[in-house]
Amino acid sequence: MLGLAGLLLLQGDHLMSHHIFKNKPMAAEPLAPSQGGPLSGFNGPTSGSRWGASRPDYGRQGGGGHTGGGWGGRGSGRGREREVNPFGNDADVDLEQSFDQENTGINFDAYEDIPVETSGENVPPPVNTFAEIDLGEAVNLNIRRCKYVKPTPVQRYAIPISLAGRDLMACAQTGSGKTAAFCFPIISGIMRGNFPQRPRGVRTVFPLALILSPTRELSMQIHEEAKKFSYQTGVRVVVAYGGAPINQQIRELERGVDILVATPGRLVDLLERAKVSLQLISYLALDEADRMLDMGFEPQIRRIVEQMDMPPPGERQTMLFSATFPREIQRLASDFLAHYIFLTVGRVGSSTDLIAQRVEFVHDGDKRSHLMDLLHAQMANGVHGKQSLTLVFVETKKGADALEHWLCINGFPATAIHGDRTQQEREQALRTFKRGDTPILVATDVAARGLDIPHVSHVVNFDLPNDIDDYVHRIGRTGRAGKTGLATAFFNDGNLSMAKPLADLMQEANQEVPEWLTRYASRSYGGRNRRAGAGRFGVRDFRRDSSYNRSGGGVNYYDGGNSSGGYGNYSGGAYGPGVTSAWD
DNA sequence: AAAAAAG
């Protein structure tokens, strides 16, 4: 390890003789403010210098070659195999069109009303268009290839914050466009930054950015997206997760990695094998942080972030994303972030129009035949096949297998995804489902959050979850990208604790609440699902409430200028199933 | 209680 560090320093010093060494995580002395870089930039103006200084250098040599960041570095002797085009063959179709002329049929108005609040010191103002953000030509091209027309609310706020080098605690739902929000600044920062030449000839790799996410499929999805965003930028993205052959992943890593997307368990494994060093991490993004803690990942995450060789807060840029903001996440935020900006994005109010929610009283023994009725009705309506997928959530892995089998022997092409299936089976299930070969997917909560599967027109809560947040996440798998969706829940005496939160949620979403459910709700069982003081945003910056903000600053806290307009129009719906976007 | 994630 010491030898490695020495080698690294040596190479770094060598590099410094030709280049401004802006980004030096290992340096003991603080960075000069004028050098900007992702590690400073806390005081507004310095962030500008970063751009100014790099601009002449920026643009690089067209495709692939670039200075500083990038996996090969200059003059790398490594063969540069052709980068697979993640957009397919028609990548450059429509590139002539300008941003504002494109129309992909997405219901953009759905995003106008979403309330956004920021707090913290010197919050950079939000942008309204991608054109206002200087992400660079290559990334701009990819934004257009992705057919992104304008930034989602979380992107409008988070990207400028991140580009200014600030740490970010963002409370946003899946589907709000988070992935792009943290990927764009990371990619652009890596392209522009000058990073030390990474040592070659050693078996350890030194990524510059790390993105952690709770499930393997989510990591895969982030990887897919990040590859699109970084196409032809020379920035290399590699994914590592469990259940897949580690040696293959190690080989991928050894071919070079700038951005590493990983699940915590596999990353710890790679770190223990010294295949990966976090010494040069300049950007750290934790996605679905609350989910990761729910899953008991806190020890692994703390191990990765605090007990390995990652630069401390302030020397790296950290972005923490979480749908909720309970105490444990607040602790994580104060431990992992430095002078962070707090950003909270309300749920998409208008998307309540996009998901029709139904609840039916079904005894456990009747669920199968009831599901069959639903599926038959769906087929009678001619909605099946690729354009209309049905996602059925169940409580247990065993239940998932059983239901899948039962559907299959009854002539319904179904597959299943859960944690007891092999990774191969899981990926295969997702593939055949997406393709429409098996238009019915039976899933446990492994598929509840974050997964973006186009054309899911019906989510069936065969077994209701015990947590209303999980319900919101599940039904959010439909009604995406401005399309309408249907969510059906089977309710019975086993779901009494869900009666009130479910009835409240549906009411707020302007859904018809069955009279029998209202009756159950009024009896108010259980208290676990109360969402205390959630209000319009569900969460608030806890620093406002306590003595945390000891500097007594807070001058700009809840600075009206940084809040989006349209609160007046926002029709409550704090728990609306705000999970629609074309952009996550 | 169940789910997820390292074998």
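Please read these numbers as outputs of a predicted model, since none were measured by experiment. In what follows, chains are A, B, ... by sequence order, proteins preceding strands, each numbered from 1. Side chains are part of it too, since the values below use all heavy atoms of this structure and drop only hydrogens, waters and symmetry mates.
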Taking [atom1] from [X] and [atom2] from [N], how many angstroms apart are they, rounded to a whole number?
| X | N | atom1 | atom2 | result |
| --- | --- | --- | --- | --- |
| A:N247 | B:dA6 | CG | P | 16 Å |
| A:H418 | B:dA2 | NE2 | P | 14 Å |
| A:D467 | B:dA2 | CG | P | 17 Å |
| A:I301 | B:dA6 | CD1 | P | 11 Å |
| A:Q249 | B:dA6 | CD | C1' | 11 Å |
| A:E395 | B:dA2 | CD | P | 9 Å |
| A:F297 | B:dA5 | CZ | C1' | 4 Å |
| A:I417 | B:dA4 | CD1 | C1' | 12 Å |

Is [X] near enough to [N] that one of its side-chain N or O atoms lies under 4.0 angstrom from OP1 or OP2?
| X | N | result |
| --- | --- | --- |
| A:T263 | B:dA4 | no |
| A:T215 | B:dA5 | no |
| A:R291 | B:dA4 | no |
| A:K398 | B:dA2 | no |

Quiz item: Do the rings of A:F490 and A:H370 sit parallel, tilted or perpendicular, given the 30° and 60° boundaries?
Solution: perpendicular
Exercise. Would you indicate what A:R426 reaches in the nucleic acid, counting non-hydrogen atoms under 4.0 angstrom: base, sugar-phosphate, or nothing?
Key: sugar-phosphate
Quiz item: Which residue pairs satisfy the side-chain hydrogen bond (donor to acceptor under 3.5 Å, both in side chains) criterion with at least one member in residues 389-401 of chain A, sequence neighbours excluded?
Solution: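 Residue pairs passing side-chain hydrogen bond (donor to acceptor under 3.5 Å, both in side chains), neighbours aside: A:Q378-A:T390, A:K397-A:D420, A:D401-A:H418.
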Exercise. Give the nucleotide from the list B:dA6, B:dA5, B:dA4 with an atom nearest to the side chain of A:T444.
Key: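 My answer, after comparing the listed nucleotides, is B:dA4.
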Practice problem: Measure from the side-chain heavy atoms of A:T396 and tell me the nearest of B:dA1, B:dA4, B:dA2. | Solution: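 Of B:dA1, B:dA4, B:dA2, B:dA2 is nearest to the side chain of A:T396.
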Exercise. Identify, with sequence neighbours excluded, every residue that meets ring-ring contact (aromatic ring centres under 6.0 Å, His included) alongside A:W406.
Key: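 In terms of ring-ring contact (aromatic ring centres under 6.0 Å, His included), with neighbours along the sequence ignored, A:W406 is linked to no residue.
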Quiz item: Does a salt bridge link A:K178 with A:E288, judged by any charged N lying under 4.0 Å from a carboxylate O?
Solution: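 Here A:K178 pairs with A:E288 in a salt bridge, since their nearest N and O are under 4.0 Å apart.
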Self-check item: Cation-aromatic face contact A:R523/A:Y520, 6.0 Å, 45 degrees
Solution: yes
